[in-house]
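Note that these values count all heavy atoms, side chains included, but never hydrogens, waters or copies made by symmetry. Bear in mind that the values here come from a model prediction, so they are computed numbers and not experimental data.
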Amino acid sequence: MELNLRIDWSELDVFGHVNNLEIMKYAQAARVNFLEKVGLMQMQRELAKGPILASIHTQFQKPLFFPGQVKIICKVDYVKTSSFKRIHRIYNDKNEQAAETHEIIVFYDFKKQHKLAITDELRRKFDQLENM
């Protein structure tokens with residue numbers, strides 16, 4: 001799955017490159033895009049069952065600069081019983097990898113406040129998006 005975003009001037013830090021927090025926001029935009037496409041955001045709104053970010057780790061490799069674009073290429077790395085791991089690779093205009101983010105997302109019941117098993121239907125949706 002791929003997402004392209006424009007770098008805004010407001011995302012720069014005092015050193016003239018995109019702030020690291022903004023790079024994590026690019027991964028967040030890709031994550032939310034994915035969760036919407038598989039229906040988890042709607043499920044959370046309607047049934048109070050959905051995704052919760054359990055962990056995130058970002059390795060910064062190259063600075064990003066304004067003006068410019070970023071390309072975020074994402075994939076589901078693995079799916080366990082109640083969680084899955086996503087990897088986001090963030091590229092600059094020269095198609096050089098600028099950062100890589102790994103995140104663990106848990107399928108969660110917000111009313112009962114406990115983990116839920118990821119359904120076969122969700123697993124199929126993950127696979128469908130990966131194969132687009």
Side-chain angles (χ1 to χ4, degrees):
M1 206 171 149
E2 184 176 314
L3 179 66
N4 294 289
L5 298 172
R6 183 188 71 172
I7 295 172
D8 287 327
W9 181 81
S10 64
E11 297 169 344
L12 302 182
D13 61 19
V14 297
F15 301 109
H17 57 71
V18 174
N19 183 284
N20 290 351
L21 180 58
E22 299 298 330
I23 292 171
M24 293 181 75
K25 287 182 180 179
Y26 299 153
Q28 175 181 290
R31 177 175 57 254
V32 171
N33 185 45
F34 171 81
L35 295 172
E36 286 176 343
K37 287 185 179 198
V38 296
L40 282 173
M41 298 304 284
Q42 180 180 357
M43 185 184 295
Q44 184 172 346
R45 284 188 300 273
E46 294 174 1
L47 304 174
K49 296 177 181 176
I52 190 166
L53 183 63
S55 147
I56 187 166
H57 170 78
T58 301
Q59 181 69 44
F60 303 101
Q61 296 152 325
K62 287 186 174 278
L64 294 169
F65 298 98
F66 175 85
Q69 298 278 325
V70 293
K71 175 175 63 176
I72 306 140
I73 297 178
C74 314
K75 70 173 192 161
V76 174
D77 190 43
Y78 61 74
V79 181
K80 291 186 174 181
T81 304
S82 61
S83 66
F84 58 98
K85 179 180 179 183
R86 291 200 18 101
I87 298 174
H88 306 278
R89 292 187 176 97
I90 300 168
Y91 296 88
N92 64 18
D93 285 340
K94 298 175 187 170
N95 209 32
E96 300 167 322
Q97 189 168 321
E100 184 169 300
T101 297
H102 295 234
E103 57 191 25
I104 305 296
I105 300 170
V106 175
F107 189 36
Y108 196 75
D109 185 321
F110 290 91
K111 287 181 183 174
K112 296 180 181 175
Q113 298 201 355
H114 65 79
K115 298 185 285 186
L116 294 171
I118 295 174
T119 65
D120 289 339
E121 179 184 354
L122 271 176
R123 290 171 190 271
R124 281 191 294 279
K125 288 180 180 181
F126 293 172
D127 288 341
Q128 287 172 351
L129 277 176
E130 292 298 311
N131 295 321
M132 291 180 92

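- When the side chains of ILVMFWY residues are joined at heavy-atom separations under 4.5 Å, either directly or via intervening members, Phe110 and Leu35 end up in two distinct hydrophobic clusters.
- In the hydrophobic cluster analysis, where Ile, Leu, Val, Met, Phe, Trp and Tyr join through side-chain heavy atoms closer than 4.5 angstrom, Tyr26 is grouped apart from Ile87.
- The environment of NZ in Lys85 is crowded: more than 12 heavy-atom neighbours from other residues, nucleotides or ligands sit within 6.0 Å.
- Met41 and Leu47 fall within the same hydrophobic cluster, defined by Ile, Leu, Val, Met, Phe, Trp and Tyr side-chain heavy atoms under 4.5 Å apart, directly or through other members.
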So Leu64 and Ile90, side-chain contact (heavy atoms from CB on, under 4.5 Å) or not? Walk me through it. CA-CA 10 Å; Leu64 294 169; Ile90 300 168; 4.2 Å; yes
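- The two residues Ala99 and Ile23 come nearest to each other via the heavy atoms CB-CG2, 3.7 Å.
- Across every non-hydrogen atom of Ala30 and Arg86, the tightest pair is O-NH2, 3.8 Å.
- In this structure, OG1 in Thr119 is found 10.5 Å from NZ in Lys49, a value given to the nearest 0.5 Å.
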Determine, step by step, whether Phe84 and Phe107 satisfy the ring pair (Phe, Tyr, Trp, His ring centres under 6.0 Å) criterion, reporting the C-alpha distance in whole Å, the side-chain angles of both residues, the deciding distance to 0.1 Å, and the verdict. CA-CA 8 Å; Phe84 58 98; Phe107 189 36; 8.7 Å; no
Show me the donor-acceptor pairs, under 3.5 Å and distance only, between side chains in residues 2-10 and residues at least two apart or in other chains.
residue : atom : partner : partner atom : Å
Glu2    : OE2  : Asn4    : ND2          : 3.3
Arg6    : NE   : Asp8    : OD1          : 2.9
Arg6    : NH2  : Asp8    : OD1          : 2.3

Steps toward side-chain contact (heavy atoms from CB on, under 4.5 Å) verdict (Met1, Asn33): CA-CA 10 Å; Met1 206 171 149; Asn33 185 45; 3.2 Å; yes
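- Note: Asp13 CG to Asn20 CG = 7.5 Å, rounded to the nearest 0.5 Å.
- Cluster annotation: Phe126 and Val106 are assigned to distinct hydrophobic clusters (Ile/Leu/Val/Met/Phe/Trp/Tyr, side-chain heavy-atom contacts under 4.5 Å, transitive).
- Here the NZ atom belonging to Lys125 is positioned 12.5 Å from the CG atom belonging to Asp120, to the nearest 0.5 angstrom.
- Taking both residues in full, the closest heavy atoms of Leu122 and Val38 are given as CD2-O, 3.9 Å, listed atom of the first, atom of the second, then distance.
- In terms of heavy atoms, Ile72 sits closest to His88 at CG2-CB, 4.0 Å.
- Taking both residues in full, the closest heavy atoms of His17 and Phe65 are given as CB-CE2, 3.6 Å, listed atom of the first, atom of the second, then distance.
- Rounding to the nearest 0.5 Å gives a distance of 11.0 Å between CD1 of Ile52 and CG of Asp109.
- A salt bridge does not link Arg124 with Glu121: every distance from a Lys NZ or Arg NE/NH1/NH2 to an Asp or Glu carboxylate oxygen is 4.0 Å or more.
- Within the structure, the side-chain hydrogen bond (donor to acceptor under 3.5 Å, both in side chains) test picks out the following pairs touching residues 62-74 (sequence neighbours left out): Lys71-Asn95.
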For side-chain contact (heavy atoms from CB on, under 4.5 Å), just list the numbers for Ile104 and Tyr78, CA-CA rounded to whole Å, side-chain angles, deciding distance to a tenth of an Å, and then say yes or no. CA-CA 10 Å; Ile104 305 296; Tyr78 61 74; 3.4 Å; yes
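- Within the 4.5 Å cutoff, the side chain of Ile73 has no heavy atoms near those of the Lys75 side chain.
- Ile118 and Ile105 fall within the same hydrophobic cluster, defined by Ile, Leu, Val, Met, Phe, Trp and Tyr side-chain heavy atoms under 4.5 Å apart, directly or through other members.
- Note that CZ of Phe60 is 6.0 Å distant from CE of Met24, once rounded to the nearest 0.5 Å.
- The structure places NZ of Lys37 at 15.0 Å from CD of Gln42, a figure rounded to the nearest 0.5 Å.
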